[in-house]
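Since the structure comes first, as structure tokens, the remarks are kept for the end.
Note that these values count all heavy atoms, side chains included, but never hydrogens, waters or copies made by symmetry.
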Amino acid sequence: MATTWGKWTRVALGLGLMNAARVTGNMIDVILPAMLPPAACVNGCLDWSDAPASVWKNGAVPVGASNHCAQPGAVVNAHTSGAWCYCKQDGPPPPVPHPAEFYGTITDVDGFVTNGPLGLNTFENGTAELIWRWDHDNDGNLCVLNDNRYTLTQTSDGHVTLKGDTYYWFNATVGKDAAGEKKYNGSFYNPSGEYCGSWSVLAGAPAEQPSCLAGTSGYCTSALGVPGQINIQLASPTSVVVSWVTLEKEAPVAPPLVTLRGPSGGTTTTRGVTHEHTTPGEARTLYLHFVRLSGLTPRAKYTYSAQSGGVGAVASPTYSFRAPYPEGETRIDIYGDLGIYEWNAIEWLQSDCANGTVDAIVHMGDHAYNEGDDSGRRADGYMQGFEPVLATCPWMPIVGNHEYYSGEELKRYLDSTWEKWEGTIPDNNATDGVSSLGMLLSVGNHHGAGVHGSTPSNTSRYFSVDMGLVHLVALDFNLYYGNDPCTDCADAQLAWLHADLAKATANRDAVPWIALMAHYPVFCTGCAGNGDISAEYYASADAEMFGNVNASAARAFDARSALGERPTTKVPLKGASDNLVNDIAPILELYGVDLFLAGHWHYYESLFPGVKGTSTCPACLQATADNFESPRGTVHITTGNGGPPGKDSFTEHCPGEDCNRINATRKQSTDYGFGRLVFHNATHCTFSQFLNADGTLFDTFTIHSPKHGSFL
């Protein structure tokens, strides 16, 4: 797809089947010609034809790439802060290792081989411990539970984290030293493919330093007044909010505008609002723009362009989208936990929207891993990489725990959003968060469904919107897990939820289906945790990499917390989960909620209908039936593998009542994937789960509900 932008062309590539030789996923190639070369590239960007083609999704330089800034799909894991380029120099940069070498092969002492992660935890005393996710097979041999690929950043003080610009890739082999202790040897490569020296570490010993720097590439910057990160958010059955970001020489003096052409062929101009935001770290000033388009003709195709009100502002390319609708078959792609990783679902989301398979997207939290990293540039890269989809397909972003991390924990997604400028929201419902993406998404939600949804909540923490046959409700469960500072929000959310569902219940003749969504599930395998896991760890970035209930990683996290690296109140995970179930499960039963969907756990699990857990494990749902015919309980689905850093397993809480599966478990998978909801009519709804690797169908089932209402 190409769209004209003055003398530039913005190109989004990746539709169609992936290269059969690579099954790492479906991140698309994105070319961004309007962006400026890195400051370090004094001679500009190198033409991509003179650089290794292996950085591109299908192993070939796309037509139109030229020397433009880009996000090549095959190496986005190594370039987490957005569009980049090789610097033009006397010769091409060193070759990038083949993807199989790029991610590394690890061989254990028993001879088992995996293309997998080497987790490394470090502590204040300078020591490091290797975090492996081992289990034993039936023969007693060691094997790795997950075959995920992770990036590690080596910083000057010896700490290894997921943050920062310089990502070192490695091959590692497990052996033994002279004393018989396990020893880990490897080779490091930087993002440009340069060899960075050998690496050797014993468990508990300080890690050695790589010795070279990446100097042949750099991140590009946005030109002044040029719209970027364009996305369309659902606001009501007949309205959307267009939002985007610009850098400006000075604050815009006029409101932003969207020029819209509708099915009748006429053109209208609509003005909106601009909010100024200062990022953490380097204190970059971003201008976030929001324009609401209302009174849209249902299902009609519209084209639009966006422009800030700044001096010398440039109009965006022309994009098109299909308007939402108040009735008829309703089709939505839905998932949680998607960042810009090579194995994400973005290609399939793009094709689904382009060919009319779906009409909207719901992202159930954890958007960028993490939004505030690198002074917000990680968020820039996420939205730039997602823009080819989100500028053309209305979506509904929901808050996850990673919207709270960016160097100042718990100050992420909200960012003083809801009507801060009009004073209609209580002060304790707004935080001084530092994430520009959090602001972009949550202010968009506020100007959209938060104000104009089915039951206006005046907040982006929780809100609802009707689309076709379904009432969609977004909730914030961070309130239960110790990473949200709002002490009054849980009660406010519950009060709003009762009011919203009472109104939705009265409207079921027009909108029969009710689907609640949140980042955290209510019922799932592993939800209950155990005594070794704190709620703070469960909601942390470490849990994303090492497993939600990985006891050794949790103890390491809590040890660092005790040293002051992270604030913690040590809320027991089981207690937090029990409180969530006690608050939400009775509401689902009272109002006869049809579906509850969530992410957070990096797996797929569908449950048979149910209303309650057990007395000893409230999160262990007990099925009321082994089918979906006239269900007498909510159907719960966890689809949290849209494109996260790594996978979870179903055996992290073992032994335990929710080890491997719970009573209501129907089907499970740890493969990366995404879901799709199709509400055919008032009585039939189909859910399907697709795999990112090749887009194939993994699971599908249809709910037949001839009568909607309370399960009491």
Side-chain angles (χ1 to χ4, degrees), residues 234 329-336 358 360-365 396 398 454 462-475 477 497 500-501 504-505 507-508 511-524 527 580-581 584-601 604-612 619 621 623-625 627-640 642 664-667 673-690 699-711:
L234 285 170
E329 185 175 75
T330 309
R331 303 161 300 186
I332 301 167
D333 277 348
I334 186 167
Y335 57 85
V358 301
I361 293 170
V362 176
H363 188 318
M364 296 182 292
M396 183 175 179
I398 297 173
S454 303
Y462 46 87
F463 55 93
S464 66
V465 61
D466 289 342
M467 181 171 174
L469 297 170
V470 60
H471 180 66
L472 300 168
V473 183
L475 299 174
F477 288 167
L497 183 58
D500 179 79
L501 292 180
T505 298
N507 192 42
R508 271 186 147 164
V511 184
W513 296 90
I514 297 177
L516 267 62
M517 302 160 297
H519 181 60
Y520 293 99
V522 179
F523 300 104
C524 76
C527 275
L580 171 62
V581 173
I584 300 300
I587 295 177
L588 303 179
E589 185 178 16
L590 174 63
Y591 295 102
V593 171
D594 300 291
L595 291 139
F596 189 97
L597 299 102
H600 189 68
W601 282 86
Y604 165 70
E605 181 176 49
S606 60
L607 306 182
F608 284 116
V611 294
K612 297 177 181 178
L621 185 67
T624 55
N627 58 70
F628 300 101
E629 179 66 32
S630 302
R632 297 300 300 163
T634 301
V635 176
H636 291 258
I637 301 166
T638 299
T639 175
T665 296
R666 172 185 166 273
K667 197 165 185 177
F674 65 99
R676 181 181 302 151
L677 284 167
V678 179
F679 298 91
H680 304 283
N681 49 43
T683 59
H684 290 80
C685 166
T686 297
F687 177 85
S688 303
Q689 179 76 4
F690 297 88
D699 186 27
T700 188
F701 59 90
T702 297
I703 303 169
H704 177 216
S705 185
K707 182 180 180 181
H708 301 275
S710 176
F711 299 134

Exercise for the section: Only counting residues at least two apart or in another chain, list the ones meeting side chain to side chain donor-acceptor pair (under 3.5 Å) with Glu605. Expected result: Thr525, Thr665, Gln668
Fill in the blank from the handout: Residues at least two apart in sequence or cross-chain that pass salt bridge (Lys or Arg N to Asp or Glu O under 4.0 Å) with Arg676, listed by chain then number, are Asp333, Asp352
Completion exercise
Residue set satisfying side chain to side chain contact (heavy atoms under 4.5 Å, CB included) with Ala664, at least two apart, ordered chain then number -> Leu607, Leu621, Ala623
Handout entry: Note, Met467 side chain near Met396 side chain (heavy atom, < 4.5 Å)
Key = no
Exercise for the section: For residues Val611 and Leu588, determine if any side-chain heavy atom of one lies less than 4.5 Å from a side-chain heavy atom of the other. Expected result: no
Problem - Sidechain-backbone polar pair: Asp594 side chain, Ala515 backbone, donor-acceptor under 3.5 Å - result: no
Fill in the blank from the handout: Here the gap from His363 atom NE2 to Tyr335 atom OH, rounded to the nearest 0.5 Å, amounts to 4.5 Å
Handout entry: Partner set under side chain to side chain contact (heavy atoms under 4.5 Å, CB included) for Leu590, not counting sequence neighbours
Key = His498, Leu712
Handout entry: Test side chain to side chain donor-acceptor pair (under 3.5 Å) applied to Arg666 - qualifying residues, sequence neighbours left out
Key = Ser606, Asp699
Exercise for the section: Return the minimal non-hydrogen interatomic distance between Leu580 and Val522, and the atom names on each side. Expected result: CD2-CA, 4.4 Å
Practice task
Mind checking ring-ring contact (aromatic ring centres under 6.0 Å, His included) for Phe628 and listing every partner two or more places apart, or none if nothing turns up?
Solution key: Phe608, Phe701
Practice task
Sequence neighbours left out, what passes side chain to side chain contact (heavy atoms under 4.5 Å, CB included) with Ala585? Give chain and number order.
Solution key: Phe523, Val581
Handout entry: Shortest non-hydrogen contact from Val470 toward Thr330
Key = CG1-CG2, 4.0 Å
Practice task
Could you list the residues that satisfy side chain to side chain donor-acceptor pair (under 3.5 Å) with Thr505, not counting sequence neighbours?
Solution key: none
Exercise for the section: Evaluate whether atom NZ of Lys667 has more than 12 neighbouring non-hydrogen atoms of other residues, nucleotides or ligands under 6.0 angstrom away. Expected result: yes
Exercise for the section: Nearest 0.5 Å please: distance from the CD1 atom of Ile514 over to the CZ atom of Phe596. Expected result: 13.5 Å
Problem - Test item: His708 side-chain N/O and Ala682 main-chain N/O as donor-acceptor pair under 3.5 Å - result: yes
Practice task
Evaluate the ring planes of Tyr604 and Phe687, with Trp represented by its six-membered ring, and classify them as parallel (under 30°), tilted (30 to 60°) or perpendicular (over 60°).
Solution key: parallel
Handout entry: By side chain to side chain donor-acceptor pair (under 3.5 Å) - contacts of His680 (at least two apart)
Key = Glu329, Thr686
Practice task
Would you mind reporting whether Thr624 and Pro631 have side-chain heavy atoms less than 4.5 Å apart?
Solution key: no
Handout entry: Check: Ser688 side chain, Leu677 main-chain N or O, donor-acceptor pair, under 3.5 Å
Key = no
Practice task
Provide the full list of salt bridge (Lys or Arg N to Asp or Glu O under 4.0 Å) pairs with a residue in residues 627-638, sequence neighbours left out, each pair given once.
Solution key: none
Handout entry: Gln689 side chain near Phe674 side chain, heavy-atom distance below 4.5 Å
Key = no
Problem - Counterpart residues, side chain to side chain contact (heavy atoms under 4.5 Å, CB included), relative to Val511 (two or more places apart) - result: Asp466, His471, Asn507
Handout entry: CG on Leu516 to CG on Leu497, rounded to 0.5 Å
Key = 5.5 Å
Problem - Cys685: partners by disulfide (SG to SG under 2.5 Å), with sequence neighbours left out - result: none
Completion exercise
CG of Leu469 to CZ of Phe679, rounded to nearest 0.5 Å, is 8.0 Å
Problem - Side-chain donor/acceptor of Trp513 to backbone N/O of Leu472, under 3.5 Å - result: no
